[in-house]
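Reading through the structure tokens given below for one structure.
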Amino acid sequence: MRIAVVGSGYVGLVAGACFADLGHEVILVDNDHEKLRALSNGEVPIHEKFLPELLSRHRGHRLTFSDDLKEAVRLSSAIFVAVGTPPTEKGDADLSYVESVAREISGGIENYKVVIEKSTVPVYTSEWVRKIILRSGTDAESFDVASNPEFLREGTAVTDFLFPDRILIGCDSQRSADLLREIYAPLTDGSYYKRADAIPQPDRAAIPPALIITSTKSAELIKHASNAFLAMKISFINAVASVCESVGADVNQVVRGIGADSRIGRRFLNPGIGYGGSCFPKDVMAFRAVAHEYGYEFRLLDEVMRINEEQRRRFLRKIHDALWTLRGKRLAVLGLAFKGGTDDIRESPAIFLVQELLQEGSKITAYDPAAMDRARDVLNASVTFASSPYEAAKGADALLILTEWEEFSNLDLPRLRQELKYPIVIDGRNLYDPEAMAAQGFTYYSVGRPACLPDGVPTGVLKNGKKA
Ligand code: UGA
């Protein structure tokens with residue numbers, strides 16, 4: 001099938017490359033000429049596993065790039081809209097890009113097309129898109145508007161697209177549902193997974209994935225509600241971690257216990273320094289705003305956001321507890337991305353913490369496997385960037401772990417201890433076992449677990465973190 005994907009950001013680029021891998025002819029449309037030039041020249045603008053392979057496999061054949069939206073619409077049966085929906089000052093989603101794309105799409109509709117929202121949009125957006133296209137004089141019979149939200153996580157977006165838990169199609173007509181079904185048929189009939197060149201199957205893949213067909217409005221709501229629920233899970237466990245710290249319990253043990261209940265599940269219960277990224281913070285706010293607009297005060301979401309903010313502050317207090325004053329102290333920071341596996345630093349709790357620590361007069365040496373280039377643009381020039389965790393640790397008063405990169409959970413601990421001026425690790429992602437860290441000679445602080453002191457070191461602090 002001929003497909004146009006409008007917007008070559010995370011979602012658009014991944015969706016375009018994956019649709020091409022399913023066998024469709026994809027035109028990726030963007031008005032950023034520099035981006036189009038880079039993509040046509042083989043550059044890969046984001047750090048995303050398997051994306052370089054897919055782009056080089058299909059670029060120039062099944063995947064082409066264009067700035068001509070009208071022509072792309074004319075040539076395609078399905079038009080996926082994947083443009084940005086950034087938050088406004090009030091916290092609701094700014095839909096002006098969606099609106100202007102809808103207006104332009106109407107100019108290319110000559111025969112039946114399905115216009116599909118792929119960006120995360122508030123409920124009722126599909127109705128507006130429909131109105132805008134009709135207003136531009138397009139015949140109502142010649143198009144449908146549908147919603148097909150994505151549940152991609154940055155870092156594993158390609159795998160999430162091709163091995164999804166579910167494919168969600170929100171349609172209000174049989175004709176548009178049939179067209180979307182056909183687009184995803186290689187996944188739902190399992191034929192993609194039999195191909196020798198298919199992207200490798202991850203653990204826990206549901207093959208073939210479930211296809212869920214709902215109304216357009218329900219699909220729009222499912223996307224917001226899913227992200228809000230996941231953010232709530234994270235804030236819930238972060239709140240539990242705070243209680244654990246007060247009573248001397250271990251949140252990891254608590255997670256093991258509650259996560260074993262299949263109604264609750266273990267995933268997304270990792271305590272830390274709060275959620276970040278381009279989705280959860282924005283979508284929780286936007287979902288609250290849309291509920292408010294339609295008369296429901298979703299106060300639970302206020303609390304989810306408050307806990308998330310508080311979690312970063314608590315971590316700062318923990319750093320103070322460990323180091324007392326910060327002016328002039330040298331801190332090694334491992335991790336700047338908002339999570340492991342990505343170079344994205346949008347709404348990164350790590351960046352927030354680094355900025356706070358700089359304000360307090362500490363000197364930071366940071367290392368991140370992928371996000372340092374992006375971080376350089378936003379961080380004060382006083383941050384030094386290292387080429388490895390060990391270089392960052394050299395002569396530092398303490399080491400902070402701020403992003404859950406896999407490479408940070410396998411550090412050479414004796415070497416790390418040697419590099420640090422003081423063997424103090426403050427781990428915002430609970431990557432290590434406290435007892436094991438103590439046995440290796442570290443003073444180790446983490447989230448929701450008792451602080452541990454090096455074995456055999458007499459101090460005025462008890463092992464459960466309380467002052468003696
Ligand atoms: C999130 C959702 O997981 C995707 O399903 C969704 O498609 C995407 O938003 C979107 O709307 O586009 P993403 O933002 O890439 O994906 O990242 P997540 O893996 O969900 O992590 C979000 C944040 O929560 C990160 O800062 C991460 O460190 C934090 N997190 C995650 C925790 O603190 N604890 C956890 O247990 C899980």
Side-chain angles (χ1 to χ4, degrees), residues 1-29 39-65 76-80 82 114 116 118-119 146-169 177-213 219 223 226 267 279 339-344 370 406:
M1 192 176 305
R2 276 269 183 78
I3 292 176
V5 177
V6 191
S8 61
Y10 261 99
V11 172
L13 188 56
V14 170
C18 290
F19 282 140
D21 209 42
L22 296 185
H24 303 300
E25 302 279 326
V26 180
I27 308 172
L28 193 57
V29 185
L39 284 167
S40 307
N41 286 346
E43 289 172 35
V44 185
I46 51 176
H47 179 89
E48 200 59 59
K49 207 168 168 196
F50 300 122
L51 188 61
E53 288 90 323
L54 290 192
L55 289 177
S56 77
R57 199 182 277 182
H58 301 298
R59 183 187 298 113
H61 313 287
R62 286 214 291 265
L63 181 62
T64 54
F65 307 101
S76 307
S77 311
I79 299 102
F80 286 86
V114 183
I116 304 133
K118 200 83 175 134
S119 319
S147 166
N148 170 223
E150 240 2 287
F151 301 98
L152 311 177
R153 288 161 303 166
E154 287 184 19
T156 54
V158 168
T159 308
D160 288 342
F161 190 100
L162 295 168
F163 298 86
D165 286 347
R166 79 296 209 188
I167 295 164
L168 175 61
I169 290 176
D178 288 346
L179 183 132
L180 274 153
R181 248 189 240 272
E182 195 184 328
I183 291 175
Y184 285 103
L187 299 182
T188 53
D189 68 14
S191 56
Y192 176 77
Y193 307 113
K194 294 189 186 119
R195 274 174 31 190
D197 64 348
I199 291 300
Q201 184 178 326
D203 297 340
R204 282 196 294 254
I207 292 180
L211 180 71
I212 299 175
I213 300 189
K223 171 67 193 192
S226 299
R267 296 172 77 190
C279 302
K339 65 169 190 177
T342 176
D343 60 351
D344 198 339
E406 211 177 312

Original post:
If you take all heavy atoms of Arg57 and Asp21, which pair is closest and at what distance?
Top reply: NH1-OD1, 2.9 Å
**OP:** Apply ring-ring contact (aromatic ring centres under 6.0 Å, His included) to Phe151 and list each qualifying residue two or more places apart in sequence or on a separate chain.
**Re:** none
Original post:
Would you call Leu179 and Met1 a side-chain contact if the rule is heavy atoms closer than 4.5 Å?
Top reply: yes
**OP:** Grab the two heavy atoms, one from Ile213 and one from Arg181, that are nearest each other, plus how far apart they are.
**Re:** CD1-NH2, 3.4 Å
Original post:
Of all residues at least two apart in sequence or in a different chain, which pass the salt bridge (Lys or Arg N to Asp or Glu O under 4.0 Å) check with Lys118?
Top reply: Glu150
Subject >> Any Val26 side-chain heavy atom under 4.5 Å of His58 side chain >> reply: no
**OP:** For Glu48 and Gly155, indicate whether the former's side chain and the latter's backbone hold a donor-acceptor pair under 3.5 Å.
**Re:** yes
Subject >> Heavy-atom pair with the smallest gap, counting every atom of Cys18 and Phe161 >> reply: CB-CD2, 3.2 Å
Original post:
Nearest heavy-atom pair of Leu187 and Pro164: which atoms, and what distance?
Top reply: CD1-CD, 4.5 Å
**OP:** Any chance you could measure Lys49, atom NZ, to Leu54, atom CG, to the nearest 0.5 Å?
**Re:** 12.5 Å
**OP:** Applying side chain to side chain contact (heavy atoms under 4.5 Å, CB included) between Leu39 and each of Val44, Leu63, Thr64, Leu13, report the one that passes.
**Re:** Leu13
Subject >> Tyr192 (side chain) donor-acceptor with Ile199 (main chain) under 3.5 angstrom >> reply: yes
Original post:
If you measure from CD1 on Ile207 to CG on Leu162, what distance do you get to the nearest 0.5 Å?
Top reply: 10.5 Å
Subject >> Phe163 to Pro202 - nearest heavy-atom pair and separation >> reply: CG-CD, 3.4 Å
Original post:
Once you round to the nearest 0.5 Å, how far does CD1 of Ile183 lie from CD1 of Ile3?
Top reply: 4.0 Å
Original post:
Rounded to the nearest 0.5 Å, how far apart are CD of Glu43 and CG of Leu55?
Top reply: 11.5 Å
Original post:
Got a second to check how far Leu152's CG is from Glu154's CD, nearest 0.5 Å?
Top reply: 9.5 Å
**OP:** Indicate the ring-plane relationship of Phe80 and Phe19, choosing parallel, tilted or perpendicular according to the 30° and 60° boundaries.
**Re:** tilted
Original post:
How close do Ile27 and Ser76 get, heavy atom to heavy atom, and via which atoms?
Top reply: CD1-OG, 4.2 Å
Original post:
In Å and rounded to the nearest 0.5 Å, what is the CD1 to CG distance from Ile167 to Asn148?
Top reply: 8.0 Å
